[in-house]
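Here's the structure we're looking at; comments come further down.
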Amino acid sequence: MSRVITLDGPAGVGKSTIAKRVAEHCGIAYLDTGAMFRIVAKTLGPKNVAVPDEELARALASLSFSLSGSGGGTSLACNGEVAGQEIRTEEVGKLASDYATRPAVRAYLKKAQQDLGKAYSLVAEGRDMGTAVFPDAPYKFFLDASPEVRALRRVRQLAENGVIEDVAKVTRQIRERDEQDRNRALAPLKAADDAIVIDTSNLTVAQVFQTIAQALDE
Ligand code: C5P
């Protein structure tokens, strides 16, 4: 039987980095569900975000997700293609957050995520993994940090890749996306009652990983 470990939290908290490490530690795949919402946003574009649900459901039906590999080497493909850096911009993130309020999108991706969870053991990271998609997962974690800390981390990460961004602007964007993700009617961002909540503000990646690995090994 496959097993699922859930890892939820807000934008820029470091979920992907930690999810990859935990997946590597456990020898299983990791599922970046934010990437699924980003792929929907990038593929359907701004013009489809407000179309009626049935129309949206028809467009979504042409998207098929698959996983291969494990640990840090896991790759998620949509219709056989692995998405690149083009889905990683804050603009695509915001459009993904807009699509994420639509019932047709949530229903379609929830089913796709649950199907992948049946086929593979996973570290599933996102916003609603522990609350809505895998409520029976035996291990659930929720990472948190203030918007300022998350913005600073993101700006530093971008700077390492030669991209200079303004901290105040990134903080604003992160707050805006948090607000929308926490307050939407369907599957809002929140920790499951039985999740272990880790405030990562003053922790290194290694310390966060250690906390999770310890809980898993207990
Ligand atoms: O994690 P990432 O920033 O890539 O997610 C992009 C957006 O997709 C989020 O802001 C959120 O609105 C949406 N999302 C979601 N549920 C998930 C994962 C992502 O609603 N499980």
Side-chain angles (χ1 to χ4, degrees), residues 4-20 22-23 29-46 48-49 56 60 63 65 67 74-76 78 82-117 122-135 137 140-145 147 149-151 153-155 157-158 165 170-192 195 200:
V4 174
I5 297 166
T6 66
L7 187 62
D8 289 303
V13 77
K15 295 184 299 292
S16 294
T17 307
I18 296 295
K20 280 181 205 166
V22 175
Y30 92 96
L31 180 63
D32 176 358
T33 62
M36 298 170 89
F37 284 88
R38 286 171 182 267
I39 289 167
V40 166
K42 189 76 191 167
T43 309
L44 303 187
N48 283 305
V49 75
L56 198 48
L60 289 163
L63 305 182
F65 292 92
L67 267 186
T74 308
S75 62
L76 170 73
C78 178
V82 178
Q85 286 304 312
E86 71 282 358
I87 64 164
R88 297 292 163 195
T89 66
E90 189 49 39
E91 287 64 35
V92 174
K94 178 61 174 59
L95 187 60
S97 176
D98 296 339
Y99 271 103
T101 64
R102 301 291 314 268
V105 174
R106 296 221 75 85
Y108 190 75
L109 292 186
K110 181 176 173 178
K111 168 84 171 51
Q113 290 153 8
Q114 289 176 333
D115 286 348
L116 290 170
L122 292 175
V123 178
E125 60 124 320
R127 303 290 187 291
D128 61 341
M129 295 297 104
T131 51
V133 179
F134 299 110
K140 299 180 183 178
F141 300 92
F142 188 91
L143 304 187
D144 214 348
V149 167
R150 287 183 276 133
R153 283 181 188 159
R154 173 131 318 162
V155 168
Q157 194 180 34
L158 287 169
E165 268 290 8
V170 176
T171 308
R172 217 168 35 246
Q173 288 172 328
I174 278 186
R175 279 186 192 282
E176 195 186 334
R177 199 137 67 86
D178 274 6
E179 174 92 3
Q180 178 156 295
D181 287 348
R182 286 187 208 275
N183 295 315
R184 66 180 176 226
L186 279 176
L189 164 68
K190 68 169 187 205
T200 72

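Start at 1 and go down the list; that is how both ligands and their atoms are numbered.
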| query | Got more than 12 heavy atoms from elsewhere within 6.0 Å of CD, Glu179? | reply | no

| request: Using distance alone, with no hydrogens and no angle criterion, decide if Thr200 and Arg153 have a side-chain donor and acceptor under 3.5 Å apart. | output: yes

| said: Check this for me: Glu86, atom CD, are more than 12 non-hydrogen atoms of other residues, nucleotides or ligands nearer than 6.0 Å? | reply: yes

| note | Taking only non-hydrogen atoms of Asp181 and a 4.0 Å limit, the atoms of ligand 1 in range are 9 (C), 10 (O), 11 (C), 12 (O)

| Exam field: side chain Gln173 to backbone Glu90, donor-acceptor pair closer than 3.5 Å | no

| query | Who gets closest to atom 17 (C) of ligand 1 by heavy atom: Arg127, Glu176, Glu90? | reply | Arg127

| Does a sphere of radius 6.0 Å around NZ in Lys190 hold more than 12 heavy atoms from other residues, nucleotides or ligands, not counting ones at 6.0 Å or beyond? | no

| Selected option - heavy-atom contact closest to atom 6 (C) of ligand 1, from Arg177, Arg182, Gln180 | Arg177

| How far is atom 8 (O) of ligand 1 from its nearest protein heavy atom, and which residue and atom is that? | Phe37 CB, 3.4 Å

| Based purely on interatomic distance, does Asp32 place a nitrogen or oxygen under 3.5 Å from a nitrogen or oxygen of ligand 1? | no

| field | Salt-bridge criterion met for Arg154 and Glu165 (N-O under 4.0 Å) | value | no

| query | Can you name the residues that form a side-chain hydrogen bond (donor to acceptor under 3.5 Å, both in side chains) with Arg150, not counting sequence neighbours? | reply | Asp178

| query | Which atoms from ligand 1 have a heavy atom of Gly34 less than 4.0 Å away? | reply | 1 (O), 2 (P), 4 (O), 5 (O), 18 (C), 19 (C)

| query | Which atoms of ligand 1 sit under 4.0 Å from any heavy atom of Met129? | reply | 21 (N)

| request: Pull out every atom of ligand 1 sitting under 4.0 Å from any heavy atom of Ala100, numbered as shown with elements. | output: 12 (O), 13 (C), 20 (O)

| task | Considering heavy atoms of the protein only, find what lies nearest to atom 18 (C) of ligand 1 and give residue, atom and distance to 0.1 Å. | result | Thr33 OG1, 3.4 Å

| query | Does ligand 1 have an atom that lies less than 4.0 angstrom from a heavy atom of Arg184? | reply | yes

| query | Does ligand 1 have any atom that is closer than 4.0 Å to a heavy atom of Arg106? | reply | yes

| said: Tell me if a side-chain donor or acceptor on Tyr99 pairs with a main-chain N or O of Gly45 at a distance below 3.5 Å. | reply: yes

| field | Residue, atom name and distance, where the atom is the protein heavy atom closest to atom 4 (O) of ligand 1 | value | Arg38 NE, 2.6 Å

| message | Starting from atom 21 (N) of ligand 1, what is the nearest protein heavy atom, named by residue and atom, and what distance separates them? | response | Asp128 OD1, 2.8 Å

| message | Restricting to side-chain hydrogen bond (donor to acceptor under 3.5 Å, both in side chains), what partner residues turn up for Asp128, sequence neighbours left out? | response | Arg106

